[in-house]
*Asks:* 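Structure provided below as structure tokens; questions to follow.
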Amino acid sequence: MSSSNGAKENSHKAARTSPYPGSKVQRSQVPNEKVGWFVEWQDYNPVEYTAVSVLAGPRWADPQISESNFSPKFNEKDGHVERKSRNGLYEIENGRPRNPAGRTGLVGRGLLGRWGPNHAADPIITRWKRDTSGNKITHPISGKNILQFVAIKRKDCGEWAIPGGMVDPGEKIGATLKREFGEEALNSLQKSSTEKRELEEQLHKLFSQEHLVIYKGYVDDPRNTDNAWMETEAVNYHDETGEIMDNLTLEAGDDAGKVKWVDISDQLQLYASHSQFIKLVAEKRDAHWSEDSETECRGL
């Protein structure tokens with residue numbers, strides 16, 4: 001992603017919202033025409049903010065750049081920590097990584113643990129909506145089958161979202177996708193060892209089948225700063241017959257307050273860029289998205 005992309009409409013909105021999540025911190029205002037780093041702005045004066053929870057030094061967070069024993073290897077694999085961006089090389093300025101999408105009005109790391117890219121994984125679990133006889137339900141206007149996905153209500157902001165979370169150091173993306181879905185949508189952390197084994201069997205069936213990688217890269221997220229940003233890999237696992245998910249009871253856990261099956265359409269209002277990912281799933285599965293035929297099945 002070149003820095004000019006940041007100035008495109010809608011591509012860099014969440015990363016400029018105030019107050020910053022979980023705080024009363026107001027970002028410096030960044031007008032659309034000054035998002036891109038290629039635009040000279042000598043008076044740019046972003047606010048510095050890193051959350052106390054990050055500065056406390058939990059295992060998932062980097063130290064401050066100024067600490068003498070911290071020498072991160074940006075743009076490469078740094079031990080077990082992946083500091084490469086899925087969008088190519090990013091600039092380093094005064095020892096700090098620079099957000100490839102442009103200015104956000106805030107420097108430091110905010111709530112994010114890593115300087116530079118913070119990698120997440122978002123599992124999009126889908127099935128066809130069916131009637132009581134087991135037949136697929138088609139939308140009366142578009143004539144396309146209605147797809148459903150498992151959505152969680154985030155505890156931190158109360159918005160509905162795709163279940164997902166951060167990739168642990170050294171963890172493979174596939175393992176993160178399965179772990180996060182288990183923790184947030186099936187409450188796996190609170191299960192007995194016997195229940196966990198049964199759960200693992202069903203999850204293995206779901207996550208070992210063919211899947212679609214929907215998106216890889218930078219995410220416009222309200223936690224992003226000039227020096228730290230979210231990147232994700234969103235992957236769709238589709239339960240064609242619905243039989244696997246019939247054997248799994250949805251139960252919110254970990255960072256999720258609620259969990260449920262949600263019909264996919266353009267009426268969805270979801271966290272960060274999640275609606276865009278869901279639209280791509282609908283297009284790839286040739287499912288219902290919009291009642292307006294003009295916008296149905298147009299590529300992004």
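The figures here come from the full heavy-atom set of this structure, side chains too, leaving out hydrogens, waters and symmetry mates. Nothing fancy with the numbering, it's 1 onward along the sequence.
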*Asks:* Under 4.5 Å between side-chain heavy atoms, counting indirect links through other Ile/Leu/Val/Met/Phe/Trp/Tyr residues: same cluster for L268 and W128 or not?
*Replies:* yes

*Asks:* Please answer whether the main-chain N or O of N99 pairs with a side-chain N or O of W37 as donor and acceptor at a distance below 3.5 Å.
*Replies:* yes

*Asks:* Do side-chain atoms of D239 reach the backbone of R127 as a donor and acceptor pair under 3.5 angstrom?
*Replies:*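 Not at all, since once roles are kept as given, no pair shorter than 3.5 Å links the two residues.
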
*Asks:* Ring-plane angle category for Y20 and Y49, please: parallel below 30°, perpendicular beyond 60°, tilted otherwise.
*Replies:* perpendicular

*Asks:* For K77, does the NZ atom have more than 12 heavy-atom neighbours from other residues, nucleotides or ligands under 6.0 Å away?
*Replies:* yes

*Asks:* Between E201 and E198 (side chain of the first, backbone of the second, donor and acceptor by atom type, cut-off under 3.5 Å), is there such a pair?
*Replies:*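 Such a contact is absent between E201 side chain and E198 backbone.
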
*Asks:* State, yes or no, whether a side-chain contact exists between L112 and V54 at a heavy-atom distance under 4.5 Å.
*Replies:*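 Counting from C-beta outward, L112 and V54 never come under 4.5 Å.
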
*Asks:* Is the count of non-hydrogen atoms from other residues, nucleotides or ligands lying under 6.0 Å from Q269 atom CD greater than 12?
*Replies:*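 Count not over threshold, so no.
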
*Asks:* Has N135 got more than 12 heavy atoms of other residues, nucleotides or ligands less than 6.0 Å from its CG?
*Replies:*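 Atom CG in N135 is packed in, count exceeds 12.
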
*Asks:* Please enumerate all residues that pass side-chain hydrogen bond (donor to acceptor under 3.5 Å, both in side chains) together with D221, with sequence neighbours excluded.
*Replies:*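 By the side-chain hydrogen bond (donor to acceptor under 3.5 Å, both in side chains) rule, D221 matches R223, Y271.
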
*Asks:* Is the Lys NZ or Arg CZ of K260 less than 6.0 Å from the centre of W160's six-membered ring, within 45° of the axis?
*Replies:*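 Geometry flag: set, cation within 6.0 Å and 45°.
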
*Asks:* Rounded to the nearest 0.5 Å, how far does CD of Q202 lie from CD1 of I244?
*Replies:* 7.5 Å

*Asks:* What distance separates I124 CD1 from L212 CG, expressed to the nearest 0.5 Å?
*Replies:*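 Those atoms lie 9.5 Å apart.
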
*Asks:* Counting distance only, does the side-chain N/O of R27 pair as donor-acceptor with the main-chain N or O of A15 below 3.5 Å?
*Replies:* yes

*Asks:* Would you please classify the geometry between the Y90 ring and the W229 ring as parallel, tilted or perpendicular, with 30° and 60° separating the classes?
*Replies:*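 W229 vs Y90 ring planes: perpendicular.
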
*Asks:* Could you tell me if the side chain of F181 sits less than 4.5 Å from the side chain of Y237, heavy atoms only?
*Replies:* no

*Asks:* Does V213 share a hydrophobic cluster with L206, counting links as ILVMFWY side-chain heavy atoms below 4.5 Å and allowing steps through other members?
*Replies:*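 Looking at the clustering, L206 is in the same group as V213.
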
*Asks:* Among pairs that include at least one residue of residues 114-124, which meet side chain to side chain donor-acceptor pair (under 3.5 Å), considering only residues two or more places apart or in two chains?
*Replies:*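 Of all non-adjacent pairs touching residues 114-124, those that pass side chain to side chain donor-acceptor pair (under 3.5 Å) are D62-R114, D122-T232.
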
*Asks:* Is there a chain of hydrophobic side chains (I, L, V, M, F, W, Y, each step under 4.5 Å between heavy atoms) that links L186 to V150?
*Replies:*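 Result: yes, single cluster for both.
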
*Asks:* Any donor-acceptor pair under 3.5 Å linking the side chain of S85 with the backbone of P117?
*Replies:*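 Here the side-chain-to-backbone pair does not exist.
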
*Asks:* Can you name the closest pair of heavy atoms from K144 and H288 and give their distance?
*Replies:* CB-N, 3.5 Å

*Asks:* Using atom types as modelled and distance alone, determine if a side-chain donor or acceptor of E184 lies under 3.5 Å from a backbone N or O of I152.
*Replies:* no

*Asks:* Counting only heavy atoms not in E91 (residues, nucleotides, ligands), do more than 12 fall under 6.0 Å from its CD?
*Replies:*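 Open.
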
*Asks:* To the nearest 0.5 Å, how far apart are CD in E48 and OG in S28?
*Replies:* 11.5 Å

*Asks:* Can you get from I214 to L177 by hopping between Ile, Leu, Val, Met, Phe, Trp and Tyr side chains that sit under 4.5 Å apart?
*Replies:* no

*Asks:* So does K84 get a backbone contact from the side chain of E82, meaning a donor-acceptor N/O pair under 3.5 Å?
*Replies:*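 Pair found, side chain donor or acceptor close to backbone of K84.
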
*Asks:* If Ile, Leu, Val, Met, Phe, Trp and Tyr residues are connected whenever their side-chain heavy atoms lie under 4.5 Å apart, and connections chain through other members, are I146 and I162 in the same group?
*Replies:* no

*Asks:* For E195 and S192, test the side chains for any donor-to-acceptor distance below 3.5 angstrom and give the result as yes or no.
*Replies:* yes

*Asks:* Does N227 reach the main-chain N or O of G108 with its side chain, forming a donor-acceptor pair under 3.5 Å?
*Replies:* yes

*Asks:* Go through the structure and list residues passing side chain to side chain contact (heavy atoms under 4.5 Å, CB included) with K196, not counting sequence neighbours.
*Replies:* K191

*Asks:* For F149, does its backbone N or O pair with a side-chain atom of T126 as donor and acceptor, under 3.5 Å?
*Replies:*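 Pair absent, no side-chain N/O of T126 close to backbone of F149.
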
*Asks:* Judged by atom type as modelled, is there a donor-acceptor pair below 3.5 Å linking the side chain of N87 to the main-chain atoms of G217?
*Replies:* no

*Asks:* Taking all non-hydrogen atoms of both residues into account, name the closest pair between H12 and A101 and its distance.
*Replies:* ND1-CB, 3.6 Å

